[in-house]
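In this chain, numbering begins with 1 at the start of the sequence shown. Nothing here was measured: the structure is a model prediction, and the numbers come from that model.
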Amino acid sequence: MALSVNQNINKSQIFGGVSSLNAAYMNNSNAHTQAQTSPAAQNTSMQAQIAAPLNTTQGYAPELKQGNTPVSTPASAYMPGVGTVPSGYFLEGEGHHGSEDHIIKKTPLTGARIVADKLTKDIFTYAPKGMQGSRNSNFYEYLSLGMIPYIVGSATMIATTVAATKFFNPNDAKASKMIGKGAALGVAFYAVMKWLGGKAIEKGTEALTGVDMAMPYKKVISELPENGKEKVSTEFHRVFESIDFPRWDLINKQGEENGNRYEYYDKIAKDKLGCDEPLNAPDQVVQPLIKQALTKAMAAKSISSFLWAAVGVAIAAQKDFANLMTYPGGKPKFTKMLKDLPLDFARTLKDAAKSLWKGSSVSSKIVGRGLIIGAAASTVLGLINVKRGYKVDKRPSKSQIDYKKDYVEN
């Protein structure tokens with residue numbers, strides 16, 4: 001039976017806008033019924049067909065409207081944090097990106113949120129999926145699980161030094177606890193100093209070149225059906241985590257949302273490359289320079305971050321930390337210890353850094369100073385190398401076209 005014009009219009013208005021594929025399917029279905037309608041109905045139906053794709057939202061679909069409709073209800077899919085959504089349709093989400101990959105806005109806590117998200121999913125999602133042999137497990141999840149051995153291994157190393165202290169005599173127990181305290185500080189300082197060393201390269205690279213190495217984006221994945229259910233999962237990546245294949249498409253899409261597809265490249269060309277006039281093809285000029293800077297910056301980050309991590313472990317190994325939060329007259333109340341901790345820790349950290357610099361002997365002095373100077377030099381020289389060659393040739397082209405010559409096509 002032929003669909004009426006009202007039914008055609010209802011189809012296009014049920015979702016207030018449908019995806020391009022669904023609009024095309026509706027138009028194709030309407031085309032088969034036009035032969036059975038009157039000429040007047042055909043003209044009206046054609047108008048409804050044209051109106052339907054015009055109401056599309058370029059890949060996004062708004063929320064469903066209530067009402068009776070001849071369109072069958074699509075199968076349900078579950079999106080974590082959103083709930084059940086219709087399969088085959090997109091749901092408006094953060095910045096109206098819905099189920100599309102998109103760059104997320106950075107805040108001071110963005111990095112911490114991403115780490116917390118990964119750690120939580122490692123324990124409750126990725127590990128169980130891997131153990132069950134899920135076909136939706138991927139390489140990203142495998143790499144993310146690398147945090148677990150670090151945490152478990154560090155905790156085990158610390159525990160082995162203090163677990164048996166109750167069986168030791170008082171002097172041995174005290175020495176064992178000091179070793180455990182040093183191991184815990186070493187693990188913490190290793191992680192913190194490695195992070196700070198990497199951040200120094202990232203921030204320095206952004207200041208010199210305008211390239212944010214840590215620019216995050218959310219990747220949305222429609223998983224394969226398992227146990228009759230469809231799921232949509234999210235992952236956090238970096239736009240420039242691959243030098244060979246950066247997500248230029250996300251940068252371009254963000255620029256289009258702001259009215260200029262080349263906004264990112266124009267800003268770098270103006271602020272960091274000194275171009276007074278807009279470039280004719282900013283993406284073709286700036287993209288190779290970004291790749292060049294990323295290659296150098298990632299190499300510098302790998303070297304510098306581990307050198308700073310070694311500095312952190314060396315500082316934690318100094319004897320100054322052995323007396324951290326010690327009270328000769330016995331331990332006071334917990335509230336007083338908590339209040340004294342920031343000042344006591346800062347003072348001890350300063351004394352430990354001085355001890356590493358001065359050294360307890362000539363050899364320790366050379367090693368300590370060499371380690372600190374080497375870490376600082378790797379950061380400075382790495383950033384200098386990143387900036388080297390990061391420029392465009394502003395000289396006018398010397399090539400000329402001789403219009404008197406004939407054009408010959410081979």
Side-chain angles (χ1 to χ4, degrees), residues 77-83 93-95 97-158 184 187-203 205-206 211-224 226 229-247 250-251 254 294 297-298 301-302 304-306 308-309 312:
Y78 180 77
M79 178 181 289
V82 177
E94 180 182 349
H97 293 99
S99 61
E100 294 184 343
D101 299 352
H102 60 279
I103 298 173
I104 59 178
K105 184 178 180 181
K106 287 182 65 176
T107 66
L109 295 178
T110 299
R113 288 174 55 194
I114 292 175
V115 172
D117 178 83
K118 285 186 177 181
L119 185 59
T120 303
K121 289 181 177 178
D122 281 344
I123 300 173
F124 299 105
T125 303
Y126 299 157
K129 282 175 63 177
M131 296 295 290
Q132 295 170 5
S134 171
R135 59 180 176 175
N136 286 306
S137 294
N138 55 41
F139 194 57
Y140 169 85
E141 298 177 1
Y142 169 76
L143 293 178
S144 180
L145 284 169
M147 289 193 293
I148 302 300
Y150 276 106
I151 296 174
V152 174
S154 300
T156 302
M157 181 181 66
I158 297 169
V187 169
F189 275 46
Y190 175 91
V192 171
M193 293 299 287
K194 185 176 182 292
W195 177 78
L196 289 175
K199 277 297 178 183
I201 295 294
E202 289 180 1
K203 293 298 183 181
T205 299
E206 185 176 7
V211 180
D212 184 4
M213 298 174 64
M215 184 188 300
Y217 77 91
K218 182 182 290 186
K219 184 177 181 65
V220 182
I221 300 175
S222 297
E223 297 185 350
L224 297 172
E226 287 186 325
K229 296 181 180 180
E230 295 181 4
K231 290 185 178 180
V232 178
S233 62
T234 58
E235 298 175 355
F236 290 100
H237 294 261
R238 294 187 176 190
V239 173
F240 297 116
E241 67 185 1
S242 171
I243 298 177
D244 294 323
F245 304 102
R247 292 300 303 269
L250 299 183
I251 293 177
Q254 187 181 58
L294 285 172
M298 287 185 177
K301 181 180 177 180
S302 298
S304 180
S305 61
F306 281 103
W308 282 114

> Would you mind listing every side-chain hydrogen bond (donor to acceptor under 3.5 Å, both in side chains) that reaches into residues 142-154, with sequence neighbours excluded?
Asp122-Ser144
> Please list all pairs passing the salt bridge (charged side-chain N to carboxylate O under 4.0 Å, His left out) test where one or both residues lie in residues 110-119, with sequence neighbours left out.
Asp117-Lys121
> Would you compute the distance between atom CD of Glu235 and atom CD1 of Ile114 and round it to the nearest 0.5 angstrom?
12.0 Å
> Holding to side-chain hydrogen bond (donor to acceptor under 3.5 Å, both in side chains), I want the full list of residues that pass it with Lys106, two or more places apart in sequence or in another chain.
Asp212
> State which residues pass side-chain contact (heavy atoms from CB on, under 4.5 Å) with Ala309; sequence neighbours excluded, sorted by chain then number.
Tyr190, Lys194
> Please enumerate all residues that pass side-chain hydrogen bond (donor to acceptor under 3.5 Å, both in side chains) together with Thr156, with sequence neighbours excluded.
none
> Would you please name every residue forming a ring-ring contact (aromatic ring centres under 6.0 Å, His included) with Tyr126, sequence neighbours left out?
none
> Checking Leu196 now: which residues fulfil side-chain contact (heavy atoms from CB on, under 4.5 Å) with it, not counting sequence neighbours?
Val192, Met193
> Could you please spell out the steps behind the side-chain contact (heavy atoms from CB on, under 4.5 Å) verdict for Ile103 and Ile251?
CA-CA 8 Å; Ile103 298 173; Ile251 293 177; 4.3 Å; yes
> Nearest 0.5 Å, please: how far is CD1 in Ile104 from CD in Gln254?
11.0 Å
> By salt bridge (charged side-chain N to carboxylate O under 4.0 Å, His left out), which residues pair with Lys219, not counting sequence neighbours?
Asp101
> Closest approach of Lys105 and Thr110, non-hydrogen atoms and distance?
O-OG1, 3.6 Å
> Under the side-chain hydrogen bond (donor to acceptor under 3.5 Å, both in side chains) test, which residues partner Thr120, sequence neighbours left out?
none
> Walk me through whether Trp308 and Ser305 qualify under side-chain contact (heavy atoms from CB on, under 4.5 Å).
CA-CA 5 Å; Trp308 282 114; Ser305 61; 5.9 Å; no
> Please round to the nearest 0.5 Å and tell me the distance separating atom CD1 of Ile201 and atom CE of Met213.
8.0 Å
> To the nearest 0.5 Å, what is the distance between OH on Tyr217 and NE2 on His102?
11.5 Å
> Calculate, to the nearest 0.5 Å, the distance between atoms OG1 and CG belonging to Thr205 and Leu294 respectively.
8.0 Å
> Using distance only, find each side-chain donor-acceptor pair of residues 128-136 under 3.5 Å and give its atom names and separation, not counting sequence neighbours.
unit_1	atom_1	unit_2	atom_2	d
Lys129	NZ	Glu141	OE2	2.8
Lys129	NZ	Glu223	OE2	3.2
Ser134	OG	Asn136	N	3.1
Ser134	OG	Glu226	OE1	3.3
Ser134	OG	Glu226	OE2	2.8
Arg135	NH2	Pro225	O	2.3
Asn136	OD1	Leu224	N	2.8
Asn136	ND2	Leu224	O	3.0

> Applying side-chain hydrogen bond (donor to acceptor under 3.5 Å, both in side chains), name anything that partners Glu202, two or more places apart in sequence or on another chain.
Lys199, Arg238, Lys301
> Would a distance-only check, ignoring hydrogens and angles, find a side-chain to backbone donor-acceptor pair under 3.5 Å from Tyr140 to Phe236?
yes
> Before giving the answer on side-chain contact (heavy atoms from CB on, under 4.5 Å), spell out for Glu100 and Val220 the whole-Å C-alpha distance, their side-chain angles and the decisive distance to 0.1 Å.
CA-CA 6 Å; Glu100 294 184 343; Val220 182; over 6 Å; no
